[in-house]
Asker: 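One structure coming up, written as structure tokens, with questions to follow.
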Amino acid sequence: MGKTIDLNGKSYSVVPEVETVQQLLEHLELGNRILIVEKNKEILQKDSYDAPIMDRDQIEIIHFVGGG
Amino acid sequence: MSKYSRQELFTPIGADGQLRIRGAKVFVLGAGALGSSGAEMLVRAGVGELTIVDRDILEWSNLHRQQLYAEQDVVEQLPKAAAAERRLRQINSDVKIRGVVADVTPENVLELFEGHDMVLDGTDNIETRLLANDACLQLNIPFFMGACVGSYGLTFPIGVAEEQPCLHCLLEVLPPQSLTCDTVGVISPIVVTTAARQVAQLLKYVTGAELDPRLESTDLWTDERASMEVKNMKKSSCPSCSAQPSHPFLSASEVVRTAVLCGRDTVQLTWPKNRQVELAPFADSIRETVSNLLHNPYLVSCEYNDHRLVLFRDGRMLIHGTKDITEARKIAAGLLG
Ligand SMILES: [Zn+2]
């Protein structure tokens, strides 16, 4: 049974091999970006990116960019 | 009927808010896409004074998103700050407007910001944002950060609330050079959206409205958005905003500085203040050596050995067509002797 989360305000189906926040970031090709992750309204510290992703989690990711 | 009647009719601003807007002295850091868009809104809103600074000259590839400029400005090879100043004065003569052609560096940032009530971010790289973050914290004025690339933009107002984190608190590690490069393009709707959010925050701050310092992002193409409460990311040990800050990004070096401009195939050389080159004698001295020589009050531009070179009055030279700092130094030495 696949998991569905709320990702940056949109419904998102998580592929089975993605089990943690870190794996999600890598799957989204954000693994080496400077970013901030919020899970269910709590900011995740970098050492907590191994936190498991559960069905219906609400995840927000903001990455920093240079342009302007 | 007053120029600002429709803005005053907006209840949260009112006549009192308009007076406060009138009293604001804003520094716009960068006259590219965000800087153009933000500066135009602020000048139309009727701020008292606006200074806009930029180190670059206009290029054709700027026009699709940098709303203060037109084709003729590119033909004349105007520096963005000069073209912005001219256009902004046409828009609203009530505002005292100053365009400054300069690179913002640790050496000059405090001098440039001083006398302004806040800084609006229109720069194109994270290093300069961290420099502005330190300078604003030292001067105790807010910094309305904004950045965008592709169809994605983010904003974060700094120095608008007690006990809030600064940009340095949010960026635990500094991004490697490659990630600051603007190589994936950008569309104008995200520029305007990002600038609009920065200016709304600035107007709220100026008029005394409550302003929650959230980190926010939007992607106009994928329709994704995020808004984070980041208050507990303030670090008591932050070198930029702790009780005893060292403001590390304000430390300057004294030598000829070099920078590869991201995604631009261009190297910038900057001479320290006491070793600057005068434009007119320089133009005369290279007249026989170079082609397509152009000399205006702001710069000397020419073609030399298949490279386009631009020397600015403030001691910077841009060498287009290379990413190699050694080659760039060689080319510059070839002309300057
Ligand atoms: Zn800080």
Side-chain angles (χ1 to χ4, degrees), chain A, chain B residues 29-30 32-35 37-38 121-129 145-150 152-156 167 170-186 190-191 194-195 198 215-219 222-233 262-263:
Chain A
M1 201 38 210
K3 285 171 284 201
T4 302
I5 61 170
D6 184 294
L7 178 62
N8 288 348
K10 286 175 82 178
S11 176
Y12 178 87
S13 300
V14 183
V15 297
E17 57 268 33
V18 168
E19 290 176 345
T20 66
V21 170
Q22 181 61 37
Q23 286 166 356
L24 176 68
L25 295 176
E26 279 158 22
H27 185 74
L28 296 170
E29 296 180 351
L30 291 170
N32 54 3
R33 298 286 187 91
I34 303 298
L35 42 76
I36 295 175
V37 182
E38 196 185 75
K39 185 167 173 278
N40 302 326
K41 300 280 169 203
E42 297 282 335
I43 303 277
L44 276 190
Q45 300 302 318
K46 306 267 181 255
D47 55 13
S48 306
Y49 284 2
D50 57 356
I53 289 180
M54 314 294 269
D55 195 38
R56 294 193 212 177
D57 269 349
Q58 208 182 344
I59 294 190
E60 292 196 348
I61 303 168
I62 293 182
H63 64 274
F64 284 84
V65 295
Chain B
L29 178 61
L34 287 178
S37 192
D121 184 7
T123 186
D124 61 359
N125 65 85
I126 292 179
E127 287 74 12
T128 309
R129 285 194 180 99
M145 196 217 89
C148 61
V149 63
Y152 172 87
L154 71 153
T155 56
F156 181 55
L167 184 58
L170 299 192
L171 297 170
E172 256 173 35
V173 282
L174 292 191
Q177 183 73 26
S178 63
L179 292 180
T180 71
C181 284
D182 182 352
T183 48
V184 297
V186 61
I190 193 59
V191 171
T194 306
Q198 289 174 275
L215 176 67
E216 297 184 281
S217 73
T218 301
D219 190 313
T222 62
D223 211 21
E224 290 177 76
R225 65 204 59 182
S227 174
M228 293 182 187
E229 169 65 77
V230 289
K231 263 191 183 146
N232 60 11
M233 291 189 77
C262 282

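When reading the values below, keep in mind they use all heavy atoms of this one structure, side chains included, and skip hydrogens, waters and symmetry mates. Chain letters run A, B, ... following the sequence lines, proteins first, then strands; residues in each count from 1. Note that the structure is a prediction, hence the values are computed from the model and not measured.
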Asker: Hey, is the main chain of A/I5 close enough, under 3.5 Å, to the side chain of A/D57 for a donor-acceptor pair?
Answerer: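 The answer is no, because no donor-acceptor pair under 3.5 Å joins these two groups.
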
Asker: Chain B heavy atoms under 4.5 Å from A/I36: which part of the residue, side chain, backbone, both or neither?
Answerer: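 Both parts, backbone and side chain.
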
Asker: Who wins among B/A195, B/G32, B/A147 for the most heavy-atom pairs under 4.5 Å with chain A?
Answerer: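 Top count of heavy-atom pairs under 4.5 Å with chain A: B/A147.
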
Asker: So which residues of residues 9-19 of chain A are in contact with chain B at a heavy-atom cut-off of under 4.5 Å?
Answerer: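 Only A/G9, A/K10 of residues 9-19 of chain A have a heavy atom under 4.5 Å from chain B.
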
Asker: In Å and rounded to the nearest 0.5 Å, what is the OG to CZ distance from B/S217 to B/F156?
Answerer: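 These two atoms lie 13.0 Å from each other.
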
Asker: Please flag which part of B/L167 lies under 4.5 Å from any non-hydrogen atom of chain A: side chain, backbone, both or neither.
Answerer: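 For B/L167, the contact with chain A is made by the side chain alone.
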
Asker: What part of B/L215 gets closer than 4.5 Å to chain A, counting heavy atoms only: side chain, backbone, both or neither?
Answerer: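 Backbone plus side chain of B/L215, per the 4.5 Å heavy-atom cut-off to chain A.
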
Asker: With no hydrogens and no angle check, is any side-chain donor or acceptor of B/R225 less than 3.5 Å from a backbone partner on B/E216?
Answerer: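 No, B/R225 side chain to B/E216 backbone: no donor-acceptor pair under 3.5 Å.
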
Asker: Please report the interatomic distance CD(A/Q58) to CD(A/E38), rounded to the nearest 0.5 Å.
Answerer: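 Going from the CD atom of A/Q58 to the CD atom of A/E38 covers 8.0 Å.
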
Asker: How far does CD1 of A/I62 sit from CE of B/M228, to the nearest 0.5 angstrom?
Answerer: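 Separation between the atoms: 4.0 Å.
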
Asker: Identify which part of A/L35 has an atom lying under 4.5 Å from any heavy atom of chain B, answering side chain, backbone, both or neither.
Answerer: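 Neither part; nothing is under 4.5 Å.
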
Asker: Rounded to the nearest 0.5 Å, what separates atom CD in B/E229 from atom CD1 in A/I43?
Answerer: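 Between B/E229 CD and A/I43 CD1, I get 8.0 Å after rounding to 0.5 Å.
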
Asker: Considering residues at least two apart in sequence or located in another chain, which fulfil the salt bridge (Lys or Arg N to Asp or Glu O under 4.0 Å) criterion with B/D219?
Answerer: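 Per chain and number, B/D219 pairs via salt bridge (Lys or Arg N to Asp or Glu O under 4.0 Å) with no residue.
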
Asker: Hey, what do you get for CD (A/Q22) to CG (A/L44), rounding to the nearest 0.5 Å?
Answerer: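 Here the rounded value is 11.0 Å.
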
